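Comments concern the structure below.
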2 protein chains.
Amino acid sequence: MSDLRTAINPLFLREEELRQAIELLFFAYRDFTAEPDAILAEYGFGRAHHRVIYFVGRHPDMTVSDLLAILRITKQSLSRVLGQLVDEGFVTQRPGARDRRQRLLQLTEKGIELERQLTERQRARIARAYRDAGAEAVEGFRKVMLGLIDEDDRGRFPPRGGVRR
Amino acid sequence: MSDLRTAINPLFLREEELRQAIELLFFAYRDFTAEPDAILAEYGFGRAHHRVIYFVGRHPDMTVSDLLAILRITKQSLSRVLGQLVDEGFVTQRPGARDRRQRLLQLTEKGIELERQLTERQRARIARAYRDAGAEAVEGFRKVMLGLIDEDDRGRFPPRGGVRR
DNA sequence: CATATAAGTCAATATGACTGACTTAACCGT
DNA sequence: ACGGTTAAGTCAGTCATATTGACTTATATG
(Lines give C-alpha, C1' and ligand atoms only; values in the text may rest on other atoms or scores of the structure.)
Protein backbone atom coordinates (compact mmCIF):
# COMPACT_ATOMS: atom_id res chain seq x y z
CA MET A 1 0.00 0.00 0.00
CA SER A 2 1.87 3.01 1.39
CA ASP A 3 0.83 5.64 -1.11
CA LEU A 4 3.81 7.32 -2.71
CA ARG A 5 1.96 10.59 -2.73
CA THR A 6 1.22 10.81 0.96
CA ALA A 7 4.08 8.76 2.30
CA ILE A 8 6.93 10.41 0.54
CA ASN A 9 6.09 13.54 -1.37
CA PRO A 10 5.44 16.61 0.80
CA LEU A 11 4.49 18.50 -2.39
CA PHE A 12 1.46 16.27 -2.68
CA LEU A 13 0.26 17.30 0.75
CA ARG A 14 0.72 20.90 -0.23
CA GLU A 15 -1.15 20.38 -3.50
CA GLU A 16 -3.93 18.58 -1.66
CA GLU A 17 -4.17 21.33 0.92
CA LEU A 18 -4.47 24.01 -1.74
CA ARG A 19 -7.09 22.05 -3.68
CA GLN A 20 -9.11 21.64 -0.53
CA ALA A 21 -9.05 25.39 -0.05
CA ILE A 22 -10.35 25.89 -3.57
CA GLU A 23 -13.20 23.54 -2.82
CA LEU A 24 -13.93 25.06 0.56
CA LEU A 25 -14.41 28.37 -1.21
CA PHE A 26 -16.60 26.84 -3.89
CA PHE A 27 -18.89 24.93 -1.53
CA ALA A 28 -19.06 27.68 1.08
CA TYR A 29 -20.02 30.29 -1.50
CA ARG A 30 -22.51 27.96 -3.15
CA ASP A 31 -24.30 27.28 0.12
CA PHE A 32 -23.91 30.80 1.40
CA THR A 33 -25.82 32.26 -1.54
CA ALA A 34 -28.45 29.53 -1.95
CA GLU A 35 -30.81 30.66 0.81
CA PRO A 36 -31.02 34.34 -0.15
CA ASP A 37 -31.32 33.34 -3.81
CA ALA A 38 -34.47 31.39 -2.99
CA ILE A 39 -36.00 34.39 -1.20
CA LEU A 40 -35.00 36.75 -4.00
CA ALA A 41 -36.73 34.53 -6.55
CA GLU A 42 -40.04 35.23 -4.81
CA TYR A 43 -39.59 38.92 -5.58
CA GLY A 44 -38.43 38.27 -9.14
CA PHE A 45 -34.96 39.41 -8.15
CA GLY A 46 -31.57 37.77 -8.48
CA ARG A 47 -28.26 37.79 -6.73
CA ALA A 48 -27.29 41.09 -8.30
CA HIS A 49 -30.21 42.77 -6.55
CA HIS A 50 -29.05 41.33 -3.27
CA ARG A 51 -25.59 42.79 -3.72
CA VAL A 52 -26.99 46.24 -4.40
CA ILE A 53 -29.39 46.07 -1.47
CA TYR A 54 -26.66 44.78 0.79
CA PHE A 55 -24.07 47.42 0.02
CA VAL A 56 -26.52 50.32 -0.08
CA GLY A 57 -27.79 49.19 3.31
CA ARG A 58 -24.28 48.93 4.59
CA HIS A 59 -23.17 52.31 3.29
CA PRO A 60 -26.15 54.67 3.09
CA ASP A 61 -25.68 57.61 0.72
CA MET A 62 -23.03 55.80 -1.27
CA THR A 63 -22.70 56.93 -4.88
CA VAL A 64 -23.28 54.90 -8.01
CA SER A 65 -19.54 55.03 -8.69
CA ASP A 66 -18.77 53.62 -5.27
CA LEU A 67 -21.12 50.76 -5.93
CA LEU A 68 -19.61 50.06 -9.34
CA ALA A 69 -16.14 49.96 -7.80
CA ILE A 70 -17.25 47.44 -5.21
CA LEU A 71 -19.20 45.19 -7.54
CA ARG A 72 -16.71 45.50 -10.40
CA ILE A 73 -19.38 45.42 -13.06
CA THR A 74 -20.24 47.93 -15.78
CA LYS A 75 -22.72 50.69 -15.20
CA GLN A 76 -24.92 49.20 -17.93
CA SER A 77 -25.14 46.02 -15.90
CA LEU A 78 -25.89 47.89 -12.72
CA SER A 79 -28.40 50.09 -14.47
CA ARG A 80 -31.10 47.47 -14.98
CA VAL A 81 -30.83 46.09 -11.48
CA LEU A 82 -30.69 49.44 -9.74
CA GLY A 83 -33.46 50.77 -11.94
CA GLN A 84 -35.73 47.91 -10.94
CA LEU A 85 -34.99 48.43 -7.26
CA VAL A 86 -35.78 52.13 -7.57
CA ASP A 87 -38.93 51.53 -9.65
CA GLU A 88 -40.24 49.01 -7.17
CA GLY A 89 -39.53 51.19 -4.18
CA PHE A 90 -36.65 49.39 -2.48
CA VAL A 91 -34.04 52.06 -3.12
CA THR A 92 -34.20 55.85 -3.39
CA GLN A 93 -31.76 58.30 -4.91
CA ARG A 94 -31.04 61.92 -4.12
CA PRO A 95 -28.50 64.35 -5.57
CA GLY A 96 -25.33 64.85 -3.59
CA ALA A 97 -25.09 68.11 -1.65
CA ARG A 98 -21.40 68.65 -2.34
CA ASP A 99 -21.51 67.33 -5.92
CA ARG A 100 -24.92 67.48 -7.48
CA ARG A 101 -23.93 65.12 -10.29
CA GLN A 102 -23.88 62.29 -7.81
CA ARG A 103 -26.90 60.18 -6.99
CA LEU A 104 -26.68 59.13 -3.37
CA LEU A 105 -28.39 55.82 -2.74
CA GLN A 106 -30.51 54.85 0.24
CA LEU A 107 -32.75 51.94 1.16
CA THR A 108 -36.43 52.65 1.74
CA GLU A 109 -38.24 51.01 4.66
CA LYS A 110 -39.25 48.27 2.24
CA GLY A 111 -35.63 47.93 1.17
CA ILE A 112 -34.41 47.74 4.74
CA GLU A 113 -36.96 45.03 5.44
CA LEU A 114 -35.86 42.95 2.43
CA GLU A 115 -32.20 43.46 3.28
CA ARG A 116 -32.83 42.27 6.80
CA GLN A 117 -34.73 39.23 5.56
CA LEU A 118 -32.00 38.27 3.10
CA THR A 119 -29.02 38.93 5.30
CA GLU A 120 -30.38 37.37 8.47
CA ARG A 121 -30.08 33.91 6.92
CA GLN A 122 -26.49 34.54 6.04
CA ARG A 123 -25.73 36.01 9.44
CA ALA A 124 -27.26 32.98 11.11
CA ARG A 125 -25.10 30.67 9.02
CA ILE A 126 -21.97 32.60 9.90
CA ALA A 127 -22.90 32.91 13.56
CA ARG A 128 -23.30 29.15 13.77
CA ALA A 129 -19.99 28.51 12.01
CA TYR A 130 -18.22 31.06 14.20
CA ARG A 131 -19.70 29.62 17.37
CA ASP A 132 -18.80 26.07 16.43
CA ALA A 133 -15.27 26.98 15.41
CA GLY A 134 -14.34 29.21 18.33
CA ALA A 135 -12.78 32.66 18.64
CA GLU A 136 -9.28 31.62 17.69
CA ALA A 137 -10.47 29.92 14.50
CA VAL A 138 -12.45 33.04 13.62
CA GLU A 139 -9.28 35.11 13.83
CA GLY A 140 -7.55 32.66 11.51
CA PHE A 141 -10.47 32.71 9.11
CA ARG A 142 -10.34 36.50 8.93
CA LYS A 143 -6.61 36.49 8.35
CA VAL A 144 -6.72 34.01 5.49
CA MET A 145 -9.76 35.58 3.85
CA LEU A 146 -8.13 39.01 3.95
CA GLY A 147 -5.06 37.52 2.30
CA LEU A 148 -7.21 36.19 -0.53
CA ILE A 149 -8.62 39.63 -1.27
CA ASP A 150 -6.89 42.00 -3.68
CA GLU A 151 -4.72 44.39 -1.74
CA ASP A 152 -6.56 47.53 -2.76
CA ASP A 153 -9.74 46.32 -1.08
CA ARG A 154 -8.26 45.12 2.18
CA GLY A 155 -8.59 48.61 3.60
CA ARG A 156 -12.34 48.04 3.76
CA PHE A 157 -11.71 45.80 6.73
CA PRO A 158 -10.45 47.78 9.71
CA PRO A 159 -7.94 45.96 11.89
CA ARG A 160 -9.70 44.72 14.98
CA GLY A 161 -8.06 46.38 17.92
CA GLY A 162 -7.93 43.97 20.83
CA VAL A 163 -10.56 44.94 23.35
CA ARG A 164 -8.95 47.23 25.88
CA ARG A 165 -9.85 46.70 29.47
CA MET B 1 -18.84 61.60 20.59
CA SER B 2 -18.54 58.14 22.18
CA ASP B 3 -20.60 56.09 19.73
CA LEU B 4 -23.49 54.37 21.44
CA ARG B 5 -23.15 51.40 19.15
CA THR B 6 -19.54 50.59 19.91
CA ALA B 7 -19.29 51.96 23.41
CA ILE B 8 -22.30 50.31 24.94
CA ASN B 9 -24.03 47.75 22.78
CA PRO B 10 -22.19 44.43 22.44
CA LEU B 11 -24.85 43.36 19.91
CA PHE B 12 -23.52 45.99 17.56
CA LEU B 13 -20.06 44.48 17.67
CA ARG B 14 -21.58 41.11 16.92
CA GLU B 15 -23.59 42.51 14.02
CA GLU B 16 -20.51 44.24 12.68
CA GLU B 17 -18.47 41.06 12.93
CA LEU B 18 -21.05 39.06 11.01
CA ARG B 19 -21.37 41.71 8.32
CA GLN B 20 -17.63 41.72 7.88
CA ALA B 21 -17.73 37.98 7.34
CA ILE B 22 -20.37 38.41 4.63
CA GLU B 23 -18.13 40.92 2.91
CA LEU B 24 -15.00 38.82 3.31
CA LEU B 25 -16.81 36.07 1.46
CA PHE B 26 -18.02 38.41 -1.26
CA PHE B 27 -14.67 40.08 -1.90
CA ALA B 28 -12.64 36.88 -1.60
CA TYR B 29 -14.85 35.03 -4.05
CA ARG B 30 -14.90 37.98 -6.44
CA ASP B 31 -11.12 38.20 -6.53
CA PHE B 32 -10.62 34.46 -6.43
CA THR B 33 -12.60 33.93 -9.63
CA ALA B 34 -11.43 37.00 -11.54
CA GLU B 35 -8.10 35.62 -12.76
CA PRO B 36 -9.37 32.30 -14.14
CA ASP B 37 -12.35 34.10 -15.67
CA ALA B 38 -9.97 36.22 -17.72
CA ILE B 39 -8.13 33.15 -18.99
CA LEU B 40 -11.37 31.32 -19.74
CA ALA B 41 -12.57 34.24 -21.83
CA GLU B 42 -9.67 33.65 -24.23
CA TYR B 43 -11.07 30.19 -24.91
CA GLY B 44 -14.63 31.42 -25.22
CA PHE B 45 -15.43 29.66 -21.97
CA GLY B 46 -16.99 30.87 -18.74
CA ARG B 47 -16.88 30.02 -15.09
CA ALA B 48 -19.15 27.03 -15.57
CA HIS B 49 -16.55 25.42 -17.82
CA HIS B 50 -13.95 25.95 -15.14
CA ARG B 51 -16.08 24.17 -12.57
CA VAL B 52 -16.55 21.18 -14.83
CA ILE B 53 -12.87 21.01 -15.72
CA TYR B 54 -11.89 21.41 -12.11
CA PHE B 55 -14.09 18.67 -10.69
CA VAL B 56 -13.52 16.21 -13.52
CA GLY B 57 -9.80 16.73 -13.03
CA ARG B 58 -10.17 16.25 -9.34
CA HIS B 59 -12.30 13.13 -9.59
CA PRO B 60 -11.49 11.27 -12.81
CA ASP B 61 -14.23 8.90 -14.00
CA MET B 62 -16.90 10.73 -12.09
CA THR B 63 -20.41 10.39 -13.49
CA VAL B 64 -22.63 13.12 -14.85
CA SER B 65 -24.91 12.65 -11.84
CA ASP B 66 -22.02 13.17 -9.45
CA LEU B 67 -21.15 16.38 -11.21
CA LEU B 68 -24.74 17.60 -11.11
CA ALA B 69 -24.90 16.91 -7.38
CA ILE B 70 -21.76 18.94 -6.77
CA LEU B 71 -22.64 21.86 -8.98
CA ARG B 72 -26.32 21.88 -8.01
CA ILE B 73 -27.48 22.90 -11.45
CA THR B 74 -29.87 21.18 -13.85
CA LYS B 75 -28.64 18.69 -16.39
CA GLN B 76 -29.87 21.00 -19.15
CA SER B 77 -27.51 23.67 -17.86
CA LEU B 78 -24.65 21.27 -17.61
CA SER B 79 -25.39 19.82 -21.01
CA ARG B 80 -24.30 22.82 -23.05
CA VAL B 81 -21.12 23.39 -21.10
CA LEU B 82 -20.10 19.74 -20.98
CA GLY B 83 -21.02 19.29 -24.64
CA GLN B 84 -18.72 22.14 -25.61
CA LEU B 85 -15.87 20.75 -23.58
CA VAL B 86 -16.30 17.33 -25.19
CA ASP B 87 -16.67 18.78 -28.70
CA GLU B 88 -13.54 20.86 -28.30
CA GLY B 89 -11.51 17.99 -26.92
CA PHE B 90 -11.04 18.99 -23.29
CA VAL B 91 -13.14 16.20 -21.81
CA THR B 92 -13.85 12.63 -22.86
CA GLN B 93 -16.62 10.26 -21.85
CA ARG B 94 -16.78 6.49 -21.67
CA PRO B 95 -19.52 4.14 -20.54
CA GLY B 96 -19.25 2.78 -17.03
CA ALA B 97 -18.10 -0.82 -16.73
CA ARG B 98 -20.42 -1.69 -13.86
CA ASP B 99 -23.34 0.40 -15.13
CA ARG B 100 -23.27 1.08 -18.84
CA ARG B 101 -25.86 3.86 -18.57
CA GLN B 102 -23.27 6.02 -16.89
CA ARG B 103 -20.89 8.27 -18.78
CA LEU B 104 -17.63 8.45 -16.90
CA LEU B 105 -15.84 11.75 -17.43
CA GLN B 106 -12.11 12.31 -17.89
CA LEU B 107 -9.90 15.20 -18.88
CA THR B 108 -7.84 14.88 -22.04
CA GLU B 109 -4.23 16.06 -22.11
CA LYS B 110 -5.54 19.36 -23.42
CA GLY B 111 -8.04 19.46 -20.57
CA ILE B 112 -5.39 18.72 -17.99
CA GLU B 113 -3.26 21.53 -19.37
CA LEU B 114 -6.12 24.03 -19.20
CA GLU B 115 -7.05 22.86 -15.72
CA ARG B 116 -3.50 23.37 -14.59
CA GLN B 117 -3.33 26.81 -16.13
CA LEU B 118 -6.59 27.91 -14.51
CA THR B 119 -6.03 26.42 -11.11
CA GLU B 120 -2.41 27.42 -10.69
CA ARG B 121 -3.43 31.06 -10.34
CA GLN B 122 -5.88 30.17 -7.63
CA ARG B 123 -3.39 27.92 -5.88
CA ALA B 124 -0.83 30.71 -5.92
CA ARG B 125 -3.32 33.09 -4.36
CA ILE B 126 -4.18 30.61 -1.64
CA ALA B 127 -0.56 29.67 -1.04
CA ARG B 128 0.30 33.31 -0.50
CA ALA B 129 -2.62 33.86 1.85
CA TYR B 130 -1.79 30.69 3.78
CA ARG B 131 1.87 31.60 4.08
CA ASP B 132 1.11 35.13 5.23
CA ALA B 133 -1.48 33.99 7.75
CA GLY B 134 0.41 31.09 9.30
CA ALA B 135 -0.46 27.48 10.08
CA GLU B 136 -2.70 28.23 13.02
CA ALA B 137 -4.78 30.69 11.03
CA VAL B 138 -5.11 28.12 8.25
CA GLU B 139 -6.60 25.66 10.72
CA GLY B 140 -9.09 28.30 11.82
CA PHE B 141 -9.95 29.14 8.23
CA ARG B 142 -10.68 25.49 7.50
CA LYS B 143 -12.83 25.12 10.57
CA VAL B 144 -14.98 28.15 9.83
CA MET B 145 -15.32 27.37 6.12
CA LEU B 146 -16.42 23.83 6.89
CA GLY B 147 -19.02 25.21 9.25
CA LEU B 148 -20.41 27.39 6.46
CA ILE B 149 -20.93 24.41 4.17
CA ASP B 150 -24.15 22.40 4.23
CA GLU B 151 -23.71 19.40 6.44
CA ASP B 152 -24.23 16.82 3.71
CA ASP B 153 -21.18 18.06 1.82
CA ARG B 154 -18.76 18.32 4.73
CA GLY B 155 -17.82 14.70 4.25
CA ARG B 156 -15.97 15.71 1.11
CA PHE B 157 -13.30 17.16 3.37
CA PRO B 158 -11.48 14.46 5.29
CA PRO B 159 -10.39 15.42 8.80
CA ARG B 160 -6.69 16.17 8.76
CA GLY B 161 -5.04 13.73 11.04
CA GLY B 162 -2.13 15.39 12.80
CA VAL B 163 1.09 14.18 11.17
CA ARG B 164 2.35 11.20 13.16
CA ARG B 165 6.07 11.11 13.79
C1' DC C 1 -41.79 -7.84 -17.60
C1' DA C 2 -42.50 -3.46 -15.31
C1' DT C 3 -40.55 0.20 -13.21
C1' DA C 4 -36.87 3.12 -12.15
C1' DT C 5 -32.63 5.38 -13.23
C1' DA C 6 -28.70 7.74 -16.08
C1' DA C 7 -28.17 10.51 -19.62
C1' DG C 8 -29.44 13.39 -23.27
C1' DT C 9 -32.50 16.52 -26.07
C1' DC C 10 -35.78 20.27 -27.63
C1' DA C 11 -37.94 24.52 -26.62
C1' DA C 12 -38.81 28.67 -24.29
C1' DT C 13 -37.43 32.02 -20.88
C1' DA C 14 -34.90 34.91 -17.33
C1' DT C 15 -30.84 36.95 -15.41
C1' DG C 16 -26.48 38.88 -15.35
C1' DA C 17 -23.01 40.29 -17.64
C1' DC C 18 -20.47 42.44 -21.64
C1' DT C 19 -18.92 46.12 -25.58
C1' DG C 20 -19.62 50.37 -27.86
C1' DA C 21 -21.56 54.73 -28.71
C1' DC C 22 -23.77 58.45 -27.06
C1' DT C 23 -26.20 62.25 -23.95
C1' DT C 24 -26.84 65.28 -20.05
C1' DA C 25 -25.51 67.74 -16.25
C1' DA C 26 -22.25 69.45 -13.24
C1' DC C 27 -17.65 70.34 -11.63
C1' DC C 28 -13.17 72.54 -11.92
C1' DG C 29 -8.91 74.57 -13.52
C1' DT C 30 -6.88 77.94 -16.40
C1' DA D 1 -16.29 82.16 -19.08
C1' DC D 2 -14.64 78.34 -21.68
C1' DG D 3 -13.08 73.70 -22.20
C1' DG D 4 -12.03 69.46 -20.48
C1' DT D 5 -13.32 66.00 -17.20
C1' DT D 6 -16.36 63.42 -14.43
C1' DA D 7 -20.95 61.22 -12.71
C1' DA D 8 -24.71 59.25 -14.29
C1' DG D 9 -27.75 57.42 -17.51
C1' DT D 10 -29.34 55.45 -22.04
C1' DC D 11 -29.81 52.70 -26.43
C1' DA D 12 -28.58 48.70 -28.90
C1' DG D 13 -26.76 44.29 -29.55
C1' DT D 14 -24.64 40.14 -27.80
C1' DC D 15 -23.29 36.23 -24.86
C1' DA D 16 -23.15 32.96 -20.87
C1' DT D 17 -25.51 30.80 -17.26
C1' DA D 18 -29.22 29.26 -15.52
C1' DT D 19 -34.20 27.89 -15.23
C1' DT D 20 -38.87 24.86 -16.18
C1' DG D 21 -41.19 21.39 -18.64
C1' DA D 22 -41.74 17.62 -21.69
C1' DC D 23 -39.83 13.96 -23.80
C1' DT D 24 -36.51 9.95 -25.56
C1' DT D 25 -33.17 6.24 -25.23
C1' DA D 26 -30.69 2.83 -23.07
C1' DT D 27 -29.86 0.14 -19.23
C1' DA D 28 -30.53 -1.71 -14.67
C1' DT D 29 -33.14 -4.00 -11.18
C1' DG D 30 -36.92 -6.10 -8.41
Side-chain angles (χ1 to χ4, degrees), chain A residues 26 29-30 33-34 36-56 61-88 91-106, chain B residues 26 29-30 33-34 36-56 61-88 91-106:
Chain A
F26 169 76
Y29 201 76
R30 182 197 67 176
T33 50
D37 282 356
I39 297 168
L40 287 156
E42 297 169 22
Y43 290 81
F45 292 153
R47 201 175 292 174
H49 299 85
H50 188 187
R51 290 185 192 130
V52 170
I53 286 178
Y54 178 82
F55 283 108
V56 172
D61 289 341
M62 78 188 307
T63 66
V64 172
S65 295
D66 290 343
L67 195 48
L68 289 174
I70 286 176
L71 301 179
R72 292 210 187 146
I73 58 174
T74 59
K75 66 182 166 181
Q76 295 91 325
S77 296
L78 177 59
S79 165
R80 184 181 52 88
V81 171
L82 184 55
Q84 281 177 289
L85 290 172
V86 170
D87 287 351
E88 300 184 29
V91 171
T92 53
Q93 295 171 307
R94 57 181 183 75
R98 216 185 37 215
D99 184 337
R100 282 178 301 161
R101 290 173 305 180
Q102 297 177 332
R103 298 285 175 270
L104 307 186
L105 306 171
Q106 309 87 34
Chain B
F26 169 74
Y29 200 76
R30 183 198 66 177
T33 50
D37 282 356
I39 297 169
L40 288 156
E42 295 169 23
Y43 290 80
F45 292 154
R47 199 174 293 175
H49 299 85
H50 188 187
R51 290 184 194 133
V52 170
I53 285 177
Y54 177 83
F55 283 108
V56 172
D61 289 340
M62 77 187 308
T63 66
V64 172
S65 294
D66 291 342
L67 196 47
L68 289 175
I70 286 176
L71 301 179
R72 295 212 185 144
I73 58 175
T74 60
K75 68 180 166 183
Q76 295 91 325
S77 296
L78 176 59
S79 165
R80 182 183 51 88
V81 170
L82 184 55
Q84 280 176 290
L85 290 171
V86 170
D87 287 350
E88 300 184 29
V91 171
T92 52
Q93 297 171 305
R94 56 180 185 76
R98 216 184 38 215
D99 185 337
R100 283 179 300 161
R101 289 172 305 179
Q102 297 177 332
R103 298 285 175 272
L104 307 186
L105 305 171
Q106 310 86 32

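Not measured: the values here are computed from a predicted model. Throughout, a chain's letter reflects where its sequence line sits, starting with A, and its residues are numbered from 1.
- If you take CZ of A:Arg47 and C1' of C:dA14, they are 15 Å apart, rounded to a whole angstrom.
- The separation between B:His50 atom NE2 and D:dA16 atom C1' is 16 Å, rounded to whole Å.
- Classification of the B:Tyr43-B:Phe45 ring pair by plane angle, with boundaries at 30° and 60°, yields parallel.
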Practice item. Step by step, work out the side-chain contact (heavy atoms from CB on, under 4.5 Å) result for B:His49 and B:Leu85. Key: CA-CA 7 Å; B:His49 299 85; B:Leu85 290 171; 4.0 Å; yes
Point to revise | Stepwise side-chain contact (heavy atoms from CB on, under 4.5 Å) test for A:Gln102 and A:Val64 | key: CA-CA 7 Å; A:Gln102 297 177 332; A:Val64 172; over 6 Å; no
Point to revise | side-chain contact (heavy atoms from CB on, under 4.5 Å) between B:Val56 and B:Met62, intermediate numbers included | key: CA-CA 7 Å; B:Val56 172; B:Met62 77 187 308; 4.3 Å; yes
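- A straight line from CZ of A:Phe45 to P of C:dG16 spans 10 Å, rounded to a whole angstrom.
- Between A:His49 and C:dT15, a side-chain N or O to OP1/OP2 separation shorter than 4.0 Å is absent.
- Formation of a donor-acceptor pair under 3.5 Å by the B:Arg51 side chain with backbone atoms of B:Ile70 is not found in this model.
- Between B:Lys75 and the choices B:Leu68, B:Leu67, B:Leu82, the side-chain contact (heavy atoms from CB on, under 4.5 Å) rule is met once, by B:Leu68.
- Going from atom CD of B:Gln102 over to atom C1' of C:dG8 covers 15 Å, rounded to whole Å.
- What separates CG of A:Leu104 from C1' of D:dA8 is a distance of 12 Å, to the nearest Å.
- Taking the ring centroids of B:Phe55 and A:Phe26, they lie under the 6.0 Å cut-off.
- Here the side chain of B:Asp66 pairs a donor or acceptor atom with the backbone of B:Thr63 at under 3.5 angstrom.
- The nearest whole Å value for the distance from the CG atom in A:Leu40 to the P atom in D:dT19 is 15 Å.
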Practice item. Go through the steps for B:Asp61 and B:Arg94 under the test side-chain contact (heavy atoms from CB on, under 4.5 Å), then give the verdict. Key: CA-CA 8 Å; B:Asp61 289 340; B:Arg94 56 180 185 76; 3.0 Å; yes
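- For B:Val64, taking side-chain heavy atoms from C-beta onward, the closest of the listed nucleotides C:dG8, D:dT17, D:dA8 is C:dG8.
- Atom CE of A:Met62 and atom P of D:dA8 are 10 Å apart (whole Å).
- Taking 4.0 angstrom as the limit, B:Gln93 places none of its side-chain polar atoms (N or O) nearer than this to OP1 or OP2 of C:dA7.
- Using a 4.0 Å cutoff on non-hydrogen atoms, the parts of residues 68-87 of chain A near DNA chain C are A:Arg72, A:Ile73, A:Thr74, A:Gln76, A:Ser77, A:Arg80, ordered by number.
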Study note, to complete from the structure: Once base and sugar-phosphate atoms are separated, protein heavy atoms under 4.0 Å mark nucleotides 24-30 of chain C, 5' to 3', with B, S and - as -BBS---
